[in-house]
Amino acid sequence: NGAVDFGGEQAVQITINMHKARMLDAPIGTAVSDGNLVIAGSLKQHIALTGKVKIVKAEIRIPDRLPADVAQIPVVEVNVPPARAAEIAKADAPLPKSAKIALDLAVDAPEEVFVRGRGLDAELGGKLEITGTADQPIIAGALSLRRGEFNLLSRRLDFSRGQIGFTGGTTIDPTLDFVATSKLPDADVTITVGGTATKPSIALTSSPALPQDEILARLLFGKATGALSPFEALQLAQAAAQLAGVDTGTSAIDKIRRTLGLDRLNVESGEGTSTAPTLSAGRYVSRGVFVGAKQGTAPGSTAATVEIEVTPNVKLQTDVGADAGKVGVNMEWDY
């Protein structure tokens, strides 16, 4: 609601109340939010957009394939007809000047900000500040890890650290900083996801230091590359391609999760040879309340799970199965 005066300085005073408004719908991600905004100023001089926004749910998608580096070749048209030359000149002419919309927004994203792609599946929360102008916004702040995992073929690693940072630059391309670790019999393996959302980098390191293919072989199959079967060697090449972003594509699990409208969908292979694989799925039914289910291949392996966030650091967790049930309180702090 509000008004625009088209006389004099053309004053503007508009209030916007949002409820589950889709603020972003692009290949890089989506965002749905609540908020209260005010647009005030003059169409001839200065307009400001101020207020507070609360992210209800958002998803940042990491591209499955990295774009090839293609050199831009300058093209000069010769012998252009006069009519075509006039069209080119009109297209290249600067747009008429108008009042820029200045931004001063506080964004609260306590949970349900998901980052997915190339094996990464994480949920984050945090606060952001948006300044600059509408045609060149500047975002500053960070989103910290609430929970997350990295899936490499059938191997699942839980993240011990994770953050998405917005540095306040003129280009909106958030930085990634995720670390997942795994202890193997003969080495400790660390997977680091860095870079930016449009150009992520995934690195494997180990202690003691091993070549990349040896780290992958021990992580996925528990043995050296020289002991792999032909099928395992093919899987190793597929995992290397996934890390390099060369030939991955959207996984079948991710396609099913989106089709069913779920927030989480995982296949856990279990530890050791005696543990059967388990399918887990669930979604947030309201703010801070997550409901899920687990189904294994073994008899009596069905279970329902509920997570209730009491405070940002305290969660109430329940797990009720066919043969047992448990209730616990989980406390988490970032140091």
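Residue numbers start at 1 and run along the sequence shown. Everything numeric in this text was worked out from a predicted model, so none of it was measured.
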Exercise. Can any side-chain N or O of Ser33 pair as donor or acceptor with the backbone N or O of Val53 at less than 3.5 Å?
Worked result: no
For this session: Flag the pair Leu103 / Thr131 as yes when at least one side-chain heavy-atom distance between them is below 4.5 Å, and no otherwise.
Result: no
Problem set entry | Closest approach of Leu124 to Leu143 (non-hydrogen atoms, all atoms of both residues) | CD2-O, 3.2 Å
Problem set entry | Rounded distance (nearest 0.5 Å) linking atom CG of Leu176 with atom OG1 of Thr192 | 12.0 Å
For this session: Would you confirm whether Thr190, through its side chain, and Thr205, through its main-chain N or O, come within 3.5 Å as a donor-acceptor pair?
Result: no
Problem set entry | Leu105 reachable from Met23 in the ILVMFWY side-chain graph, under 4.5 Å edges | yes
Exercise. Looking only at heavy atoms, which two atoms of Glu112 and Glu123 are closest? And how far apart?
Worked result: N-OE2, 3.0 Å
For this session: Answer yes or no: are there more than 12 heavy-atom neighbours, outside Glu129 itself, under 6.0 Å from its atom CD?
Result: no
Exercise. Tell me, do Ile14 and Val4 make a side-chain contact under 4.5 Å, heavy atoms counted?
Worked result: yes
Exercise. When rounded to the nearest 0.5 angstrom, what distance separates OG in Ser182 from CG in Asp188?
Worked result: 8.5 Å
For this session: Could you check Leu145 against Arg161 for side chain to side chain contact (heavy atoms under 4.5 Å, CB included), going step by step and ending with a plain yes or no?
Result: CA-CA 7 Å; Leu145 180 72; Arg161 185 184 80 211; 5.8 Å; no
Exercise. Is there a side chain to side chain contact (heavy atoms under 4.5 Å, CB included) between Val12 and Leu43 once you walk through the steps?
Worked result: CA-CA 7 Å; Val12 177; Leu43 291 177; 3.6 Å; yes
Exercise. If you look at every heavy atom in Leu128 and Gly141, which pair is closest and at what distance?
Worked result: CD2-C, 3.6 Å
Problem set entry | In one Ile/Leu/Val/Met/Phe/Trp/Tyr side-chain cluster, 4.5 Å: Ile138, Ile101 | no
Exercise. Any link between Ile164 and Val179 through a network of hydrophobic side chains (Ile, Leu, Val, Met, Phe, Trp, Tyr) touching at under 4.5 Å?
Worked result: no
For this session: List the atom of Lys57, the atom of Phe114, and the distance in Å for their closest heavy-atom pair.
Result: CE-CE1, 4.0 Å
Exercise. Does the side chain of Thr15 reach to within under 4.5 Å of the side chain of Asn36, using non-hydrogen atoms?
Worked result: no
Problem set entry | Atom of Val38, atom of Gln13 and distance for their closest heavy-atom approach | CG1-NE2, 3.7 Å
For this session: Run the numbers on Val306 and Ile308 for side chain to side chain contact (heavy atoms under 4.5 Å, CB included), then give the verdict.
Result: CA-CA 7 Å; Val306 177; Ile308 301 176; 4.0 Å; yes
For this session: Please report the closest heavy-atom contact between Ala122 and Phe178, naming both atoms and the distance.
Result: CB-CE2, 3.9 Å
Exercise. How long is the span from the OG1 atom in Thr50 to the CG atom in Leu37, to the nearest 0.5 Å?
Worked result: 7.5 Å
For this session: Output yes when a side-chain donor or acceptor of Asp34 lies under 3.5 Å from a complementary backbone atom of Lys20, and no otherwise.
Result: yes
Exercise. Under the side chain to side chain contact (heavy atoms under 4.5 Å, CB included) criterion, do Ile191 and Leu204 qualify, and how do the steps go?
Worked result: CA-CA 5 Å; Ile191 296 181; Leu204 281 174; 3.0 Å; yes
